[in-house]
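In what follows, every chain begins at residue 1, and chains take the letters A, B, ... in the order their sequences are listed. Note: hydrogens, waters and symmetry copies are ignored here, and every other heavy atom, side chains too, is used.
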Amino acid sequence: MSTGARQRPALMHLYWWFLFSQGGVIAALLIPVHVLIQGILGPLGVVRVVDRHYDTWVQVLGNPIVKLYLLVLIAVPFFHFAHRLRYLLVDFGMPVARTVPAQAVFYGGAVVVTLLTIWVLLTTAPLSLP
Amino acid sequence: MPAGWWTRKRHYFLYVVREFTALPLALWLLWLLVEIKRAGDGPARYSPHGSTAFVVFSVIVLLFALYHSVTFLSLTGVIIRVKLFDRPLPSGLISLAMFVLWAVASVVIGFVLIWFGR
Amino acid sequence: MPEKRITIKATRYDPEKDEKPHLQSYEIPFYDESMVVLDALNYIKSDVDGSLSYRWSCRMGICGSCGMMVNGTPKLTCNAFLRDYWPQAIVVEPLNNFPIIRDLVIDMEDFMHKLKSIKPWIIRKQEIPLGAGEHRQTNEQIDDFRQFSQCINCMLCYAACPVYGLNDEFLGPAAIALARRYNLDSRDQGLKQRLPVIGDSEGVWECSFVGECSVVCPKGVDPAKAIQQTKLDTTMRFVLPYGNRE
Amino acid sequence: MDFESYDVLVVGGGLAGIRAAIAAVEANPRVKVGMVSKVYPMRSHTVSAEGGAAAALRPEDSYENHAFDTIKGSDYLADQDVVEAFVREAPVEVIQMEHWGCPWSRDPDGKISARPFGGMTTWRTCFAADKTGFHMLHAVFQTSLKYPQITRHDEAFVTKLLVEDSRCVGVVALDMRSGRFDAITAKSVILATGGLGRIYAFTTNGNICTGDGMALAYRAGVGLKDMEMVQFHPTGLPFTGILITEAVRGEGGYLLNNQGERFLKRYVPNKMELGPRDIISRAMMTEFEEGRGFEGPHGKYLHLDVRHLGEEMIDRKLPFMRELGREFVGIDIVTDPIPVRPVQHYMMGGVDADISGATPMAGLYAAGECANVGLNGANRLGSNSLSECLVFGAAAGRAAAEYASSAKPVTANPVDALLWDEARRVEVEFLEKKGGDERIGAIREEMQREMDTGAGVFRTKEAMEKLIEQLGGLRERFGRIRIDDTSRTFNTEVTAAMELDFMLELAQTMAVSALAREESRGAHARRDFPERDDKKYLKHTLAFRREGARPRLEYRDVRITNFQPQARTY
Ligand SMILES: Cc1cc2nc3c(=O)[nH]c(=O)nc-3n(C[C@H](O)[C@H](O)[C@H](O)COP(=O)(O)OP(=O)(O)OC[C@H]3O[C@@H](n4cnc5c(N)ncnc54)[C@H](O)[C@@H]3O)c2cc1C
Ligand code: SF4
Ligand code: F3S
Ligand code: FES
């Protein structure tokens, strides 16, 4: 434990934790309904769902608000996941997961997913204002 | 600390499950990303996922997702401190508010997903 | 009715003789329904084997010295009733995650240093003289930190926390709860001095919110809550644009 | 051989000891203070004090009232100059504790609140819910951590005072962890080792309350004052002896006999449940004798009833009592009456010390429950003790720092020899002892039983003479003890044996002092001498050790200033 002359809290951890908690909230509030409808009810044909048809799907994806929403839905939770999986590795007896390189790998991964999502959202359905 | 410490106690095990929810949820979101990407394939080649295996996978993910939501939202209630008229709101009330928010969000999103479907 | 008996298996370890700890079994009379595990140990020490070593004093759950693992769970032995275990045998071991000094006695010097490191005293920019009387403080203001001021330093939470078990540099549940106790005290102005320690990598950020610390805490301190709240508060201070960075 | 050397050495890490250590540093920031304690300071028995600390803080109160209540409570055996100084300092000390973070319960205006207590005529007992001692001890201990001048020796058991040319120059301490004997020297030494309740079987005191400091001083030739004055608290839980605080009655609880009657109307009609402890304990014993007690698996008991106070009030003011009831008796005090009976609680007697804590031995001071500065006389009022620890702990700390600033440094030469002698003694008597057949547990239990019967709430000549004889027999058996534990590491059997050694010594002074006081005063109630006798016994008893014989007794007049002795009725 370093009780030395440090003047501020460990800022890096603080930002990671901030993203972790935001991701956690978003995952908790939003993911279940997507899984339920797009992953189960849609494929089983119980209800009509936007992503079952090309035109409805593209039309919805074209909406800038939807693009923004999807960015938040997909990218932010990955900071949560990265954080949890990194700590889980520590809990399983892998202290390397605590190190700065490991942080770079995990949170870097989340950054990659974020960029990927932006790229996908920008390159798939063309922007269309409703 | 023996490596299998988390198997020794129910509570430890539940904690590990809680943290582990991250993995299935991440996989499912990656699938969603793929699903979006495929919308770029054009009308002819687009066919949405629908295999039984995928549905089974989604059911499993849903269980993890619900577990994540329930644990995360109730714990949030414990952490957040809100004061109203100088008196702290009981944590149960904050958790309840979170659950209400969850329900509202789910209804709205579900409505959009289904309403615009055809 | 024949006298009831109960078996106690206690850890024995004398660093002068033993390579590693082992369990020793004692069968003793269970003569009163109000007997606790500590009474059983006292019976052993006084009537069977005087060499069994353990700490205790108040036998009323307030001095914090009698914490041990009882059937694998950290407990105050003065508050763990034999009737809840009988007729099964009870295994009594020293608290997990600490070096053993002898038998059931653990080494808690580490905590004593950590306690000091969080500056557990009222810090003021300007002391008010005694003649000026007391600081005014309402019972509601005390309610803000009351829970975190109940810690008896019994170390059960450290024994329960796997993160501390993996990394003893972790500041740990009780020390952070006590830091929060002072940070929330309306008389205290020392948050800034404590932040570097509690907000360090081995401070609150090391905790992964296993939450077992709060489950075992005999005094309802809820250190897990103290830690997560500290994370949130610290984050608010530095992440939000209007956070008070000082 | 090298050894730690301090200016001021405090023995004891309870409220009195820590307060003394801080006072010494604040009096003179250059003093080096050592603090030895056989347990980590926050484990000291102060932690279990529940009810509160008395201080005349409120405008409607006055020093005179607090002084008079204390003196009347003491049955006029208190030294009145000491009481007068005490009541003036107590409020200052309570405020000081507030500045150090003690979470005192508050009035709606944010000021420190107070509750009524037995024998006090007004609301004067400041409290932190019903964990006052816990909060005070942790506040003062945690505050002490900020002083770099204070060095702690935790879990070190003091076995002897080092005396050179009749001046106290330090202690010999057994480091529990390493099993090593160390000489810890100092220009002045403060004893703050707490009470001796464990001499009795049924006591509110914890395992560490074995009167070590009193015995250490006694062996070094210092007199023990008023050792016959032992307080019995009316409300202990049967079996464990865990205390139900007087605050329960202060907040309005009733004491009921098996007829459901508030029997105190026959004993203290004007104060009822708020009468002083000695009188209520006797009243309860009388109820038992006259067949109005309940019979339980752990003996007779009466009811303490708070059901009429309501859950909200109980949770706000007495939450720990509810917790204790739930955990240790399996009752909810909101809906069930609490079973209680009188229990040994506090030692008024102790090391002879003056108003600044100085003992007759140069360089030796005493404070807290182990000292007798003349405050409590024949009966302490509830909540005066925590304040006493603060006031006289601080006084002793200042006086010891002052003494140290002019005293000669301690020389290694005699200290080495003394240390070696003491280490040898403990080795021969305990660690290397072979062939004994007496279990220390058995001797201790017998001593405790004998003390409960011979030196309990009511006393008679016959019972006390028998007690003294029995104690002699136990002392002899103690010579043949058997020690199972041969390890040097954390050997709690050897320390328990040394504690028993101390307690046997103290038990004898208590019995001998009690036998000689042929009157009834405060807690000392003789069946054969039921009246107070101011002509003969308005005096302190002083007991001095004599090798192989009963202690020698001396008497010293009580100092009277403004309050002439009157009949003590409530
Ligand atoms: C259950 C209970 C409730 C009480 N409630 C109240 C109340 O409400 N109000 C009130 O005013 N009073 C109350 N009292 C009385 C009061 O708490 C005590 O008198 C007071 O706390 C004594 O403090 P102390 O500092 O003298 O000793 P303690 O707190 O007992 O400390 C003694 C110290 O000496 C050390 N020590 C002892 N022997 C040795 C040795 N040989 N070597 C090294 N160290 C040694 C111990 O380790 C310990 O640190 C209560 C007492 C009890 C038992
Ligand atoms: S937080 Fe609870 S478990 Fe941990 S040391 Fe304090 S009282 Fe014990
Ligand atoms: S158990 Fe440990 S990981 Fe955190 S919540 Fe408690 S400190
Ligand atoms: S003996 Fe004090 S807490 Fe158990």
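The distance from the CZ atom of Arg98(A) to the CH2 atom of Trp205(C) is 16.0 Å, given to the nearest 0.5 Å. Note that the CZ atom of Phe18(A) and the CE atom of Met236(C) stand 7.5 Å from one another [nearest 0.5 Å]. The structure places OG1 of Thr235(C) at 12.0 Å from NE2 of His13(A), a figure rounded to the nearest 0.5 Å. In this structure, CG on Asp91(A) lies 11.0 Å from CG on Asn167(C), to the nearest 0.5 angstrom.
Nearest heavy-atom pair across Leu166(C) and Gly93(A) is CD2-CA, 4.3 Å. Closest of all the heavy-atom pairs between Ser201(C) and Ala10(A) is N-CB, 3.8 Å.
Under a cut-off of 6.0 angstrom, the local environment of CD in Glu16(C) is crowded, with over 12 non-hydrogen atoms contributed by other residues, nucleotides or ligands. Open room surrounds NZ on Lys75(C); 12 or fewer heavy atoms of other groups in view lie less than 6.0 Å from it.
In this structure, the portions of Leu232(C) lying under 4.5 Å from any heavy atom of chain A include both its backbone and its side chain. Of the atoms belonging to Glu206(C), heavy atoms from both backbone and side chain fall under 4.5 Å from chain A.
Chosen from Leu88(A), Leu14(A), Val90(A), the residue pairing most often with chain C at heavy-atom distances under 4.5 Å is Leu14(A).
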